[in-house]
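Please read the structure below before turning to the comments.
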2 protein chains.
Amino acid sequence: MSSERLIYLPLGGAGEIGMNAYVYGYGKPDQERLIVVDLGVAFPDMDTTPGVDLIIADIDWLVQRKDRIEAVFVTHAHEDHVGGVAHTYDRLQAPIYARRFTANIAKRKMDEYAHPDDAIQVVGPWPHQVNAGPFKVGFQPISHSIPESSALVIDTPAGRIVHSGDFKVDLTPGVGEPFDASAFEEIAKDGIKALVCDSTNVFSPDAGRSEATLGPALEELVSGASGMIVATTFASNVARVKTLAVAGEKAGRSIVLLGRAMKRMVEASVEAGVLDSFPSVVSPEQARDIPRENLMLLVTGSQGERRAASAQLARGKYMGLELQEGDTFLFSSKTIPGNEKGVIGIINQLSEKGVDVVDDSSGKYHVSGHANRPDLETLHDIVKPQVLIPMHGEHRHLREHVKIAEGKGITGVLAVNGMMIDLSGNAPKVAEYVETGRTYLDGSVQVGALDGVIRDRIRMALNGHMTVTVLLDEDDEPLGDPWVDAMGLAETGSSKAALTEVVEHDLSQWLGRQKAKTLRDDDALNDGLKKAARQSAQNEIGKKPEVTVVVSRLS
Amino acid sequence: MSSERLIYLPLGGAGEIGMNAYVYGYGKPDQERLIVVDLGVAFPDMDTTPGVDLIIADIDWLVQRKDRIEAVFVTHAHEDHVGGVAHTYDRLQAPIYARRFTANIAKRKMDEYAHPDDAIQVVGPWPHQVNAGPFKVGFQPISHSIPESSALVIDTPAGRIVHSGDFKVDLTPGVGEPFDASAFEEIAKDGIKALVCDSTNVFSPDAGRSEATLGPALEELVSGASGMIVATTFASNVARVKTLAVAGEKAGRSIVLLGRAMKRMVEASVEAGVLDSFPSVVSPEQARDIPRENLMLLVTGSQGERRAASAQLARGKYMGLELQEGDTFLFSSKTIPGNEKGVIGIINQLSEKGVDVVDDSSGKYHVSGHANRPDLETLHDIVKPQVLIPMHGEHRHLREHVKIAEGKGITGVLAVNGMMIDLSGNAPKVAEYVETGRTYLDGSVQVGALDGVIRDRIRMALNGHMTVTVLLDEDDEPLGDPWVDAMGLAETGSSKAALTEVVEHDLSQWLGRQKAKTLRDDDALNDGLKKAARQSAQNEIGKKPEVTVVVSRLS
């Protein structure tokens, strides 16, 4: 009989930035009691996930072991950490623990799906601990860009783990608790088995800057501007929203919050009592009566999202407010890879209106919420773990982070999603490779990434779609010609006639050549018509469309 | 009777980077004789142009004035300047003038479409001039990143225009002629009516660096690497391909060219006699017998293109060559906005193989081929135009460039695609707004951007597709139930039954409620079934698909 072991298993977030979902287990092999850290989302894109609403980690592995899950712990309220709680609750039904502000945000999500009120439990900060089977878990405050961000202190019979969550080393973070080195020293004083650590900014070579350093530059920009000022950042960057609002207030401007997420996040922060001295805000209606040089709008859509406030203001009016020549638009944000075109599109629309755009290229109006390389090393050096497991990063980030650990003589483990690590012995080892993946929230249903649904949509986007309808009589003889409808295809091709007519003609000829056996066989007809239709389109327009064949029989 | 005028009309490239197509005209209004400068392409993306092969400017305005076109002049052989010549030749049928290397590339394109051999005329450099109606046009060599790049000197009865083409101020450009200030001084000595000027890098505040500055850093990198070196850049950046190859040769490595474009571009350069002392290359087959530390691969795919050599090497073997731990992969290139995800994907695949990736973040391994702000000012100051018209830029670039001109007391004109500028008088003025747009090469046919073809594909990608088939008998009574096929939609929704069955059931009920009048009316049936199918799917899976309705009648 094998002895008990301590395992670490990332289901999301290790090998990507987003969709965080980490599992820890303790017990005899395949009987471990489990806890989950974070259940986040990733965001879709047109290239790989058109039409998808959200992406969450495939939790099948957890669902199959549902009775062994003690609890879910959420480190902080960013979507890539908390966004999946409501979408997974039905299948996991485990209690969810979070600090007050995080719980407030999580509860709003749970309410949308009518999940029970007591599913989310509010926990105070370390040294308070939650008992979860063989684990005791505490929330140690750590600086990031949203209130009450926490590292988790996970005590196990095999030693103590520090799970950093998202963090930066910031002594004046604006919102949330400052980074407290002595608290981590105290936590680590009897030795740390493993530090599971944020890797986002491992390639940034210089020490990170504090949120507080932005204030003076922002105040100078705001007070020097002649027209209206609009500033955008992630609504969930509550620290930045406050920094911006305070800069606006100091310059004598009234603050307007635009965009649902912006209003909700400030509201939740105030409700949870974590946003002191936030300037008073005016409504868009009130703003219309205030001279534009006395206004500062804080708006959603820093990533160029088409339906967010930034994009709407760039296109025209939004909530009765409109930009004009002489106004200033500030991106107090970094553009996430993949969003560049959307952001540039907004900048050009603003340029057409004569609005001056200020972005982060000067480095003066944005700082990251994540630890840069020297700051990661600061945490390594305080915590002095036996093992460092990088998380929250793409493969290149994890690999670089392991290199840093090993340069310090710490054992580094490059564990990507699905790689179960046994941390029990002196040297960590791979215990198992678990099948992982992605689940798409698509409309109101969840579909698997490998179900083929999205693949078919991508194919229709690339190749267009054709519907072929054939009617056969009681004797399996074609009744009239095949009928072709096209969607997303050129109307005419090389022969200058309508594409659908050319294909109908070709299919009619094809049908005429078939023997009775084929005409009786739905599958053969389907395959044959599909192939003939694709070939006909290829000849005519140089594209092979996706084809739906409908065979109707009178028999 | 109105007098003659000089007009400038951008059809592409002004308000975007790519798809360059500029028109100049001289003559009485609406009788101007016309010349075209550049006929380039832009590249599609999944967000806005899924499945499209290339994008060219809508040339309808020119086609309608075909008999007034004297000639087309191509400044250099980059795709965004020359890529459209073969796709527009049938409709324009105007002679195309270019320098030898550019003509070589253009001819290869024309040959693919069997256009006549003499369509392209080779022209020597300035002071040679081509007579084109009221215009005399000369190719003044200017430094860029491809051989024989030229500014055009366009003499008109209303004065001389300098059309910069793409350029940088580089005295040691590697390939192509060095920037020659005195030549431009001589050209400008009697006054320049207008400078139509590249704006790509107007936001780059520091003076650009010469291609020659890369050599030492690249040689150090290459000689310091232990395994195989792979370097990628645009194949059409012939200067860089040479700089890289020379660095490899100096480090004692054999050079391998991978990717069709890479081989073709080097071949054309050698053929045109514009690539001196290019190191000898070995084939991929020969390379397999050479120790990897003695190899340097120059490969296509610097923008992460899925089918290019870089992506294939990142995924696995390509032409028998394979990367392994300890090899180095260099991006000697800048990632164009929109391509970040593809590039990052390759970097992560390389990370999984243990390959060290070097990118441009240090600034040591790439310089731009375009003039930065101080270099633009250098040209302004040499040419001293009466009017500056920025081109080759998005709106934000054009606007910034106009601001610079006006800061120097030069009249700046912000002319975007379709804005016809009358340059005849003392002050330039907008003569007319011309309808412009984009034409998509889609398979083997050209479709208009506003034809709805691509819009339908995007909708199918976002919403999925459903085919509804209904059969009606001679009395317009439904024969059996409606039949539903779905593509790109979840198989089951809220009721846990098959989506298609649920929708069939709902449509059957809908049909049962319709009066004879509706059942006789194809349009009413089509609209009603479409709406009912969309609503049924919305209830079931929270998505409204695109719907094709096929009504078959036995009558």
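Considering only heavy atoms from C-beta on, A:M46 stays 4.5 Å or farther from B:T48 through its side chain. Using a 4.5 Å cut-off on side-chain heavy atoms (C-beta onward), B:M487 and A:T548 make contact. Side-chain contact between B:N348 and A:E16 is absent, with no heavy-atom pair separated by less than 4.5 Å. Side-chain contact between B:E340 and A:N339: absent, with no pair of heavy atoms (C-beta onward) separated by less than 4.5 Å. Inter-residue side-chain proximity for A:T467 and B:T469 is flagged as unmet; no heavy-atom pair is nearer than 4.5 Å. Between B:V445 and A:K543 the shortest side-chain heavy-atom distance does not fall below 4.5 Å.
Ionic pairing of B:D45 and A:K341 is present here: one or more N-O contacts between side-chain nitrogen and carboxylate oxygen are shorter than 4.0 angstrom.
Heavy atoms closer than 4.5 Å to chain B are found nowhere in A:V470, neither backbone nor side chain. Heavy atoms closer than 4.5 Å to chain A are found in the backbone of B:V355, but not in its side chain. Only the backbone of A:V547 comes within less than 4.5 Å of a heavy atom of chain B; no side-chain atom from C-beta onward does. Of the atoms belonging to A:L479, it is side-chain heavy atoms, and not backbone ones, that fall under 4.5 Å from chain B.
Among all heavy-atom pairs drawn from B:S444 and A:E540, the shortest one is OG-O, 4.0 Å. Residue B:A490 comes nearest to A:V447 through the heavy atom pair CB-CG1, 3.4 Å, listed as atom of the first residue, atom of the second, then distance.
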Open item on the list: Test salt bridge (Lys or Arg N to Asp or Glu O under 4.0 Å) on A:D356 and B:K403; report intermediate values, then the result.
Closed with: CA-CA 12 Å; A:D356 291 311; B:K403 281 188 189 174; 3.1 Å; yes

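The number of heavy-atom neighbours closer than 6.0 Å to CZ of B:R315, taken from other residues, nucleotides and ligands shown, is above 12. Atom CZ of B:R306 sits in a sparse spot, with 12 or fewer heavy atoms from other residues, nucleotides or ligands closer than 6.0 Å.
For the set A:D456, A:V416, A:V453, the entry with the most heavy-atom pairs within less than 4.5 Å of chain B is A:V453. Chosen from A:D473, A:T335, A:L554, the residue pairing most often with chain B at heavy-atom distances under 4.5 Å is A:L554. Top candidate by heavy-atom pairs under 4.5 Å with chain B, chosen from A:Q349, A:K544, A:H465, A:E491, is A:H465. Counting heavy-atom pairs closer than 4.5 Å to chain B, the top residue among A:G542, A:G51, A:G443, A:S351 is A:S351. Among the candidates A:G452, A:G338, A:A461, A:G464, the residue making the largest number of heavy-atom pairs closer than 4.5 Å to chain B is A:A461. Top candidate by heavy-atom pairs under 4.5 Å with chain A, chosen from B:S494, B:G15, B:G354, is B:G354.
Tested against A:V550 for a side-chain contact (heavy atoms from CB on, under 4.5 Å), the candidates B:D485, B:V468, B:L471, B:V550 yield a single pass: B:D485.
Distance CG/B:N463 to CZ/A:R457: 7.5 Å, rounded to 0.5 Å.
Between the side chain of A:R399 and the main chain of B:E352, no donor-acceptor pair closer than 3.5 Å is present.
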